[in-house]
Every structure is written in structure tokens, then in C-alpha cells.
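Have a look at the structure below before the remarks.
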Amino acid sequence: MTERATMIRLRINGVEDEVGASTLAELLKHQGIDLQARFLAVAVNGAVIRRADWLAHPLSPGDEVEIVRPLQGG
Amino acid sequence: MTERATMIRLRINGVEDEVGASTLAELLKHQGIDLQARFLAVAVNGAVIRRADWLAHPLSPGDEVEIVRPLQGG
Amino acid sequence: MTERATMIRLRINGVEDEVGASTLAELLKHQGIDLQARFLAVAVNGAVIRRADWLAHPLSPGDEVEIVRPLQGG
Amino acid sequence: MTERATMIRLRINGVEDEVGASTLAELLKHQGIDLQARFLAVAVNGAVIRRADWLAHPLSPGDEVEIVRPLQGG
Amino acid sequence: MTDPLTIAGTTLASRLFVGTAGYPNQQMLLDCLETSGTELVTVSIRRISLEGYAESLVDLLEGRYRLLPNTAGCVTARDAILTAELAREALQTDWVKLELIGDRETLYPDVEQLVHAADQLVRSGFTVLPYCNEDPVACQKLADVGCAAVMPLGSLIGSGGGIANPAAIELVCSRSPVPVVLDAGIGTASDAALAMELGCDAVLVNTAIAKSHDPQRMAAAMRAGVEAGRLARLAGRIPKRRFAEPSSPQLGLVST
Amino acid sequence: MTDPLTIAGTTLASRLFVGTAGYPNQQMLLDCLETSGTELVTVSIRRISLEGYAESLVDLLEGRYRLLPNTAGCVTARDAILTAELAREALQTDWVKLELIGDRETLYPDVEQLVHAADQLVRSGFTVLPYCNEDPVACQKLADVGCAAVMPLGSLIGSGGGIANPAAIELVCSRSPVPVVLDAGIGTASDAALAMELGCDAVLVNTAIAKSHDPQRMAAAMRAGVEAGRLARLAGRIPKRRFAEPSSPQLGLVST
Amino acid sequence: MTDPLTIAGTTLASRLFVGTAGYPNQQMLLDCLETSGTELVTVSIRRISLEGYAESLVDLLEGRYRLLPNTAGCVTARDAILTAELAREALQTDWVKLELIGDRETLYPDVEQLVHAADQLVRSGFTVLPYCNEDPVACQKLADVGCAAVMPLGSLIGSGGGIANPAAIELVCSRSPVPVVLDAGIGTASDAALAMELGCDAVLVNTAIAKSHDPQRMAAAMRAGVEAGRLARLAGRIPKRRFAEPSSPQLGLVST
Amino acid sequence: MTDPLTIAGTTLASRLFVGTAGYPNQQMLLDCLETSGTELVTVSIRRISLEGYAESLVDLLEGRYRLLPNTAGCVTARDAILTAELAREALQTDWVKLELIGDRETLYPDVEQLVHAADQLVRSGFTVLPYCNEDPVACQKLADVGCAAVMPLGSLIGSGGGIANPAAIELVCSRSPVPVVLDAGIGTASDAALAMELGCDAVLVNTAIAKSHDPQRMAAAMRAGVEAGRLARLAGRIPKRRFAEPSSPQLGLVST
């Protein structure tokens with residue numbers, strides 16, 4: 001994040017937050033997520049954003065972001 | 001039926017027939033059905049025609065007529 | 001019982017006791033049992049003693065006496 | 001069998017028969033059984049006669065002889 | 001016994017519903033209904049024979065029993081709904097046992113279509129009792145769209161297989177906001193009793209009575225079975241235990 | 001219904017036998033017996049308390065019910081036989097429910113000793129109804145020595161486990177030359193109905209009534225259950241089929 | 001044994017699918033998977049913890065097992081579909097075990113929504129294996145919309161209740177145009193064997209292994225159970241008879 | 001797996017015993033035994049045909065399998081004992097599967113005679129494995145007289161009825177001081193697995209293999225089934241629950 005980053009309100013994994021990130025990639029980095037980490041997937045407003053588009057995908061106020069990974073399951 | 005009755009093609013209980021009947025009441029009489037018989041019900045083209053309307057209900061070529069009554073059932 | 005009754009050791013319903021009774025009838029009375037009470041039955045040494053014989057049935061030291069009645073049961 | 005063999009009535013495996021055999025071994029041979037055949041067992045009058053005793057075991061009229069072997073079983 | 005069942009505001013003293021098909025003859029049917037003590041009997045709706053009109057079974061039943069027309073055999077919502085509407089006109093009742101068959105061989109219900117057809121019929125003023133499966137979610141949906149009861153199957157229609165999945169029937173009963181009527185599969189009186197013990201509010205029986213060697217006696221058996229199961233349910237059964245528990249007193253045994 | 005059961009020349013209108021142990025109180029017991037319609041009730045024989053003699057339960061039952069004393073808890077033939085003889089003297093009946101327990105924990109019968117004790121009691125003039133297991137050979141032997149009936153267990157005494165092995169009970173019933181009374185394990189009304197459907201001639205119930213939340217209602221349930229099962233047995237149930245069989249007519253469906 | 005299962009063109013040598021949840025620890029999970037011989041394991045898709053990202057279970061499974069992500073816990077088609085799409089992105093697989101829960105307490109499927117969600121996912125290129133119920137009509141619909149298999153429940157998820165309705169499972173298997181995978185309810189190895197004998201093509205097990213006292217041994221048991229049931233199915237079992245049939249020869253008995 | 005069974009001091013690696021009767025041909029029998037992994041096979045003892053002596057089956061089995069001669073078909077203790085003695089002489093083994101049939105039609109054991117015959121045979125130095133019923137008291141008596149194992153029936157011989165009374169078998173297993181071998185009634189692999197899960201130490205199978213459509217494959221199925229059930233027993237199954245328990249994590253669901 002640089003000081004130029006504007007703060008926007010997002011809903012990240014169901015929780016409202018205000019972050020200084022204008023793209024998905026910035027948001028993920030802000031969340032401490034390694035962009036190279038495997039097995040991650042992200043959706044914005046109900047649509048999956050493929051990894052190749054994370055850098056370019058702009059965020060808008062009110063966006064609902066889901067960041068998931070596989071876990072144990074039955 | 002009078003001699004003036006025009007013959008029309010109907011589908012009566014699933015069977016194609018040509019009858020000289022211009023109303024539902026005429027058709028039923030033509031089928032030998034007592035109009036006073038209880039527990040009868042009739043539908044034309046998928047809509048039930050109440051008994052009070054049998055006399056007036058006009059038939060058109062191609063009408064699909066269902067004439068039913070209760071039977072044993074489980 | 002008169003004072004002449006000799007004390008003898010018996011096993012009554014599984015319990016050793018010493019009683020002053022020389023007949024079964026005396027023993028029952030000594031136990032506070034109404035000899036007319038219905039539904040009682042008594043065995044001495046594994047043999048049932050019919051009610052008519054209670055008066056005459058002599059007891060000997062070491063006799064095993066069972067005094068029973070019906071109770072609830074399944 | 002020699003001509004001296006006396007005929008005696010036996011019950012062999014449930015069937016009455018008259019055979020010229022004075023010992024168990026003779027009977028078995030008479031029945032066409034190889035005395036060296038393995039897995040055979042024989043009883044006379046309800047008692048097992050061990051193989052070593054077949055030669056010597058005398059037969060008497062009326063003897064009941066069982067000659068068995070293992071078969072398929074569940 | 002005063003333990004009436006209420007469905008859609010109508011009170012029924014008997015918790016045994018009886019189907020009217022397949023009896024050796026009409027008099028036997030009437031005798032069985034009488035003996036069963038039922039107050040609600042099912043009928044089908046069928047096209048009249050074009051050769052002429054005979055006196056209907058219904059002339060004999062009317063006034064003595066509440067009639068519950070069914071949509072047996074229908075495989076489309078459209079046919080089931082039209083059959084229900086014809087039944088309403090013919091019998092002047094808005095009650096209908098809604099059957100929507102998903103497979104002609106097993107006569108298993110098509111619950112997806114069933115929910116939609118039930119929804120439409122309820123909106124059209126019908127009192128809908130749907131023949132469904134022992135699926136608690138489907139039963140909930142049927143109740144949600146306004147069905148007056150649900151009628152899960154015990155086992156396949158006419159199979160006499162009894163209650164194939166007691167745990168599921170018990171689950172449906174424990175969660176249903178509307179009465180549960182066990183439909184299909186009852187083969188004998190203990191099946192009917194078990195249904196009631198699992199929590200069903202009523203039982204519908206047809207083939208098990210009609211095709212019994214002695215239908216009237218089986219009607220009596222079913223009546224008693226339903227009553228037995230209902231009473232047992234109300235009384236509250238003892239828990240099942242893996243071990244024995246003596247009933248007679250354990251003390252005071254004769255011992256030599 | 002006139003379908004009496006005859007055991008040893010005695011005719012009983014009710015096929016439900018009821019045990020008298022373990023009820024919340026004596027009045028409840030009496031109410032349950034009345035409601036059950038039973039004519040035959042079991043009692044145990046126990047040593048009197050040496051502290052004194054109280055009015056017996058039997059004073060209340062006598063004249064209203066036929067009493068069937070048991071030898072519950074006995075583990076030797078000798079004790080069982082003496083108990084039977086004491087019972088005969090006390091109650092002036094030669095009927096006895098012969099119990100010979102092979103294992104105090106499971107209360108499972110010792111059928112080997114049972115046959116011998118039954119044999120002796122029959123020779124002494126008793127009418128013997130032995131509590132046994134669902135072993136057709138043992139049941140045959142009991143009949144052979146002259147028992148008036150056999151009383152195989154459904155499941156362990158007091159367990160409410162129902163009929164654990166229906167095939168075996170059916171087998172016993174199909175071959176027994178004397179009446180079969182299902183004893184032990186009945187937990188609820190459908191169990192009683194099933195017992196009768198399998199071919200039992202009567203059912204003995206105790207704990208399932210006495211320990212129900214509402215004993216009197218359960219007594220009514222058992223009465224109805226036994227009747228239901230008996231009627232179904234007589235009526236002849238439909239066979240179980242793996243496939244469906246429509247009850248309503250298959251022709252003449254409304255079809256758009 | 002060469003008796004592979006093919007689902008959507010993919011061949012699996014093992015007919016045991018294993019869930020990865022609830023093991024005492026990760027090493028135990030890996031040991032169980034190894035022992036089970038499975039080739040297909042299920043995983044869930046969950047939001048990452050915002051506190052940070054830990055190494056995933058999947059790093060350990062990848063390359064050794066085909067992964068089948070589920071939509072466990074989803075109650076709307078929308079959430080289930082989005083979960084499936086996220087799974088596809090995360091795991092680069094178009095396979096999905098589609099769960100659409102109709103009731104959070106019983107985890108019973110909502111088959112109506114399930115059919116619609118499956119339809120959409122198939123159209124989006126997914127290979128869909130839906131968790132459904134033992135309803136042959138619903139299973140047919142799922143196959144009709146293009147599901148690669150159906151996964152009916154044996155009994156409630158995690159209940160260990162086994163196969164509550166064997167007749168229905170057998171019916172589903174006999175009519176399904178796609179492989180049938182028994183899902184949910186398996187409690188022990190004989191349940192798995194029975195599932196295969198009824199005609200299932202595979203079995204999915206999770207809790208019964210993970211929560212066993214000795215998970216790895218239970219994994220071995222399940223592997224053997226699935227194999228046993230499959231072999232028995234292929235071999236063709238003897239019919240059940242009500243009567244005895246001697247195995248040993250009836251002639252030639254020793255008789256004194 | 002090293003989990004041997006020890007009977008009378010003899011260690012057996014396989015817990016599957018196999019009967020040798022009723023196979024399509026002798027080669028098939030040999031193949032089935034090989035495939036089954038069994039170490040102990042049963043044979044009968046029969047009078048030789050007086051028409052001549054053919055090579056015995058036993059020539060083929062000897063040295064490869066421990067032979068367990070039976071007394072199948074005997075209805076008196078005397079015949080059973082003589083048959084056992086002849087078997088000992090013929091096969092040079094003191095092991096015997098003691099059968100004493102109480103009823104020729106059902107082939108049900110006569111447990112009273114069985115105990116006496118077993119007692120005599122034990123005194124004569126035999127290692128006795130009696131075919132008995134699922135009666136815990138009878139099984140205890142058989143152990144008390146010195147039987148090396150007990151062999152309760154699952155259901156009637158040759159019926160394929162499976163385990164008709166699982167609770168009773170479990171009870172027998174939980175109390176038996178000697179190994180329990182489930183004999184008779186096994187119809188398919190899941191039956192064998194269930195027997196082991198209930199606590200049996202081994203299973204004897206004959207008809208279910210011999211009369212299968214594909215005996216050798218069924219032999220493999222039984223081998224796997226016994227192993228599956230044994231492993232599951234040792235692992236400890238999860239308890240049965242009436243309610244669902246999610247396996248996948250309940251937190252972190254995608255939710256729109």
C-alpha cells in the first residue's frame with residue numbers, strides 16, 4: 001500500500017472492513033496472503049476472479065469478497 | 001339433436017370423434033349421459049365446466065372434452 | 001405355647017432361629033401368622049405340608065421350614 | 001477266501017448280508033477294499049476297530065459292521 | 001376413546017383411512033368400511049365409459065363417509081391439477097389426495113413436481129394431502145406451501161412391505177408441522193400399529209385389506225392395530241434395553 | 001369376537017396374559033388388569049416377611065382372574081419344583097409358569113433343566129407352561145413331556161427388545177403341538193401384534209405395561225395389539241412383494 | 001482384482017472414497033488414506049482465516065489422491081454453485097460433490113434445489129456427484145440433468161446408522177443409469193459390504209474411520225468390506241430360503 | 001495382519017472355516033479353498049459305497065488343510081459319538097464338529113443331547129466344536145464340559161438367512177469363555193463381516209460359497225468379509241446416533 005491508496009469499505013469473508021486497496025491483488029497482500037500460494041480462490045460479488053486477473057481486478061466500495069481454500073471435509 | 005346440428009370433430013376422453021352437438025349439454029346427451037346424474041364432472045380444454053354452465057357452453061372443433069366420475073381408488 | 005415348650009433350632013425361610021415350638025402350627029403362631037390366613041403355604045425339608053396337617057406336624061431340630069405366599073410377579 | 005470259510009450273516013453298513021469271512025480283514029477284502037487304503041475306519045458293534053487289529057478281529061454272526069471314509073461335508 | 005384427529009379444521013374420530021379399490025365385490029367393500037370404523041375413504045377419478053353410465057360406487061358411500069378423491073396415476077402436474085379440479089366438481093369437496101407419480105413401475109412420487117402442484121392447488125382453495133416420500137425436507141416444503149397433511153410412503157404402493165425406514169418416518173413425524181398419514185406399504189396390522197407408534201397421526205390402508213384372504217377380518221385387524229399403536233404412542237413405551245430386568249421380586253425366593 | 005384359546009382344557013376369551021409386578025401402585029395394577037381384558041395373571045411365590053403378614057395382593061385378584069404362579073428366579077430344578085408345589089398349595093391351582101433361569105444376569109432359561117423339571121411336574125399333576133427360548137427342538141421336547149403350552153422369549157426379560165428373532169418364533173409356532181405364548185421382551189403394542197401374526201396363540205406382558213408412562217393406556221394398547229395381531233393372522237395377510245402394485249384403476253386416467 | 005469403476009471417463013481402481021475430516025491428527029489422516037487404498041478423497045472449501053495463511057492439507061494430498069471438493073453446509077443453490085466454482089479455481093478440478101442441505105439439524109439434502117443446482121453446474125462444465133436421498137425418482141432426475149453419479153445417503157450424516165432402507169438403495173441401484181455411491185451413515189465394515197451387495201458402485205466413508213478408536217485399522221476394515229461386498233455382488237449370492245438345506249451328504253450316515 | 005485364532009492350543013491364521021460339500025466339481029472346491037485362505041475345512045464321515053472304493057476327497061486336502069470331521073445328520077448321541085470315533089480313526093485327528101440334529105427338517109440342534117455327547121467326547125480325548133444355537137446358557141454348558149469352541153447358528157443350515165438374531169449372537173460372544181464360531185446361515189459377505197463385528201472369533205461357510213453363481217469369487221468375498229469384520233471389531237466402531245453430525249467444518253462457509 002502506498003499513501004495514495006484510498007480507503008474503501010468492503011465485505012471480506014462476511015466481515016465489513018475498510019481497507020486501503022484498489023485492486024484484488026492489493027487487498028490480498030494487505031490481508032497478508034502470499035499471491036503465489038497455491039489452492040487459493042477468490043470471488044468478488046459472487047463471481048470467481050481467476051488468479052491471472054487478481055492484479056487488474058479493481059475493487060469498488062461495497063464489494064463482497066470471498067477468499068477460500070480447501071480444508072478437511074467429508 | 002335436430003337435423004340442423006352441425007357435425008364437429010372433438011376429442012372426447014382421449015378419443016377423436018365427430019358428433020352433432022353444439023353445446024356441452026348436447027354432447028353429453030348424445031353420449032347417453034343423464035344430465036342430472038350426480039358425481040359427474042366435465043372439463044373442456046383443461047378447464048372444468050361447472051354443471052350450471054353445461055347448457056350454455058358452446059363447443060368448437062378440436063375441443064378436448066373430459067367426462068369423469070369417481071371410481072374405486074386407493 | 002405353654003412353658004413346657006422346648007426350644008429347638010430351625011432354619012425358617014433361610015434364617016437360623018431357636019423357637020419354642022413342637023409342631024408346625026405352633027411355629028406359625030409363634031411367627032405371628034394367622035393360621036386361617038388364606039394363600040399361605042408351608043414346606044418342611046422340601047416337602048409341602050398341607051394346611052390340614054399343620055397342627056399335627058412335629059418339628060425336629062434342624063428342620064428347614066419355608067413359609068410362603070403369593071406376591072406380585074411377571 | 002478259502003473253501004474252508006464258513007458263511008456268516010452280518011449287517012454291513014446297514015445291509016444284511018451273508019459272507020464267507022471269519023475276520024474283519026477277510027470281510028474287507030471280500031468287499032473289495034484295499035486294506036492299505038488310507039482314511040478308512042471300521043467299527044464292529046459300535047466299537048471302532050483300529051487298523052492294526054483288523055487281521056485278528058474275529059467276526060461273529062449278527063455282527064454289525066460300519067465301514068466309513070471321509071466325504072465332502074459342511 | 002376421545003382422541004380425534006383434526007385435519008384442516010375437520011375432526012375425524014377414526015385414524016384409519018381406507019382405500020376402496022380391489023375388493024372382491026362391492027358388498028365386501030361396504031362391509032370392510034363399516035368394520036374398519038373409518039370416516040375417510042379414498043376414491044379415484046376416471047373417465048366414464050362411453051358405452052354408458054352405471055350407478056356409481058359413490059352413491060353407496062356418500063353421506064356415510066367423507067370422500068377423499070385421489071389423483072392416482074397422474075405423472076404431470078397439469079393432469080393431477082385437472083383431476084383434482086374435476087374431483088372437486090364431481091364430489092363437491094375441496095379435499096384431494098395428491099399423487100404425482102415419478103415412475104410408473106414403482107409408483108414412487110415425484111416430490112419436486114408434487115410441491116409445485118400442491119402449491120397451485122392450495123392457492124386454488126384445495127385441502128391438499130400429498131402422497132410423498134419419507135423425506136423430512138420434502139415434507140417440510142409440502143407443509144410450507146400449505147398442505148393440510150403429508151402422506152409419506154411406508155414402502156412401495158401395494159407391496160405390503162411395511163415400514164421400510166422407521167427411523168425416517170419417525171424423523172418426519174417429529175418435525176412435521178402438519179399431521180402425518182402413513183400411506184402405502186402397510187401389509188398387516190402390526191405395520192399399522194408401528195406407524196402410529198412412530199408418531200404418525202393416521203394410516204391409509206387399501207390393498208392389505210382388499211386383497212387379504214378375509215378382508216373384513218383384516219379391516220377389523222387394521223382398526224385394532226391403529227388403535228393399539230396410537231394408544232401405545234400416547235402411553236409412552238418403555239425404553240429398549242440391552243440387558244434383562246427381572247419383573248418378579250428378587251428377594252424372598254424359596255431356596256433349598 | 002369368539003376366538004377363544006384353550007390351554008389344558010381351560011378356555012380363555014382373552015389372549016393377553018398380564019404380569020402383576022412393578023406397577024406404580026396396587027390400584028394402578030387393578031386398573032390395568034381391568035383395562036387389559038386379561039383373564040390370566042401371573043404372580044410369584046415368595047417367603048413371607050417374618051415381621052408379619054399383610055393382606056395379599058391375591059385377595060384382590062382372586063375370583064376375578066385365573067392366577068398363574070411362576071417360579072421366577074429359580075436356578076435349580078429342585079427349587080423350581082418346590083416353588084411350584086408351594087404355589088399349588090397356596091393358590092389351589094395346578095397351573096404353573098415354570099421358570100428355570102440359567103444365568104442370573106440375562107435371566108435366560110436353562111432349557112435342559114427345564115425339560116426335566118417340566119417332566120417331573122407334569123407327572124405330579126401340574127399344568128406346566130414353561131418359559132423357554134425360541135428353540136423349536138426344545139419346544140418340541142417340552143410338549144413331548146406334557147407341557148400345556150410353551151412360552152418362548154421374544155427378547156430378554158424386561159428389555160423391551162421386542163421379538164428379536166421373528167423367523168424362529170414363526171418356526172416354533174408352525175411346529176408346536178401345544179399353544180405358544182410369547183413371553184418376555186414385548187415393549188410396545190406392535191410387538192404384541194407381530195407376535196400374534198407370527199402365529200403365537202397368546203402373549204404375556206408385564207414390564208411394558210407396568211413401567212409405561214401411562215400404564216393403563218398401555219394396557220389398552222396391548223389389548224388392542226393382541227386383538228389386531230390375532231385378527232390379522234386369521235385374516236391372512238397379503239404377501240410381501242418387492243414391486244409396486246397400483247390400487248386405483250389403471251385405465252381411464254385424465255390425460256391432457 | 002481388476003474391476004475398476006469409471007465415473008465421467010475417469011477410472012478408479014478403488015471403490016472406497018474417503019472423507020478427510022475429523023481425524024485425531026494429520027498424520028493419522030494420511031495413514032488412514034494410505035491404508036484405505038482410496039484414490040478419491042473429499043475436501044471442503046472454506047474461507048481462509050483472516051489472521052493468516054497456513055500450509056494446507058491439500059499440499060499433502062495433492063498428486064497422491066484425486067480430490068473431490070464438496071459444498072458441505074450450503075443451504076442455497078447460489079452458495080453451493082459459488083462454492084463449486086471456487087473449488088474449481090482453487091483445485092483445478094471440475095469434479096464436485098454437490099451438497100445442498102435442506103435442514104441444518106439433520107443435514108438431509110434438499111433434492112428439489114439439488115436438481116436445479118446440478119443442472120446449472122453440469123451446464124457450466126462440472127462433473128457433478130450429488131449427495132441425495134434414496135429416492136429413485138430424484139436419482140433419475142439427477143442423472144437426467146447430467147450428473148456423473150448419484151450419492152444417496154445410507155442414513156443421516158455422521159450417525160453411523162448404516163443403511164436404513166436397503167430396499168430403497170437396491171431399487172435406486174437397479175435403475176440408475178449412472179454409478180451409485182453410497183454416502184453418509186456407514187458405521188462399520190459390514191455396512192460398506194452390504195452397500196456394495198445391494199448394487200452400489202462405491203462407498204464414501206468419513207466419520208466411521210476418523211472417529212473409530214483405531215482409525216487406521218478401521219480404514220483397513222472398510223477397504224476389505226468394500227472389496228468383500230463388491231466380490232459378493234459379482235459372485236451372486238445364494239437366495240434366502242425359509243427352510244434348511246443340508247450341506248453334508250444325506251445318504252450313508254452311520255446308524256446304530 | 002497377525003491376529004491368529006487359537007483353538008485348543010492350535011493357532012489358525014485364517015478365521016474363515018470352509019465346508020467342502022456341494023461344489024460344482026472337485027477342482028472348483030480346491031480353487032475355492034485356496035482362494036478363501038482357510039486353514040480348516042470340514043468333511044463328513046459316510047459309509048463307503050459297497051460297490052467299490054474311489055479315491056477320496058481327503059487325499060487332495062490332506063497336508064494342505066487341517067480337517068474337521070463333522071457328525072452331520074446324526075440324531076442320537078450314540079451315532080454322533082460313534083461317528084466321531086470313526087472320524088478319529090480315519091483321519092487321525094481328535095477334532096470333531098459335533099452335530100446332533102433335533103429335527104430333520106430344520107436341522108436345528110438338540111442342545112440337551114449335545115451337551116451330553118460333548119461331555120463324553122471330551123472325556124474320550126476329543127477336541128469338540130459343537131454346532132449349537134444362540135443360547136448363552138447352552139453355550140456356557142458346552143464350554144463347561146470342555147468344548148474347545150462353540151458354533152452357534154446364524155440361521156438355519158443352508159438357508160442363507162444371515163444372522164437372524166444379532167443381539168443373541170453378541171450376547172453369546174460377550175460371555176463365552178471359549179472361541180465362538182458362527183456356523184450356518186451365512187449367505188453373503190456382509191453376513192460374515194457382521195458376525196465378526198458382533199464378536200465371533202471365526203465363521204464357517206459352505207453353501208454360500210459352493211452354491212454361488214461364481215464360487216471362487218464368493219470365496220474371495222468371504223475371505224475379505226471375515227477380515228473386514230474382524231478389523232472393524234478390533235478397531236472399535238463409532239456408536240450409532242439418532243442424529244446427524246457434520247463431518248466437514250461448520251465454520252467458514254461461503255455465504256452470499
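In this structure, no portion of Gln140(E) lies under 4.5 Å from any heavy atom of chain G. Contacts between Ile101(E) and chain G at a heavy-atom distance below 4.5 Å are absent for every atom of the residue. No part of Ala167(G) comes within reach of chain E, as not one of its non-hydrogen atoms sits under 4.5 angstrom from that chain.
Across all non-hydrogen atoms, the minimal contact from Ala164(G) to Asn165(E) is CB-OD1, 3.5 Å.
For the pair Glu112(E) and Gln113(G), the minimum side-chain heavy-atom distance is 4.5 Å or more. Within the 4.5 Å cutoff, the side chain of Val111(E) has heavy atoms near those of the Asp135(G) side chain. By the 4.5 Å heavy-atom criterion applied to side chains, Lys141(G) and Asp110(E) are counted as neighbours. Side chains of Asn133(G) and Asn133(E) form a contact here, defined as non-hydrogen atoms less than 4.5 Å apart.
The 12-atom threshold is exceeded at CZ of Arg175(G), counting heavy atoms of other residues, nucleotides or ligands nearer than 6.0 Å.
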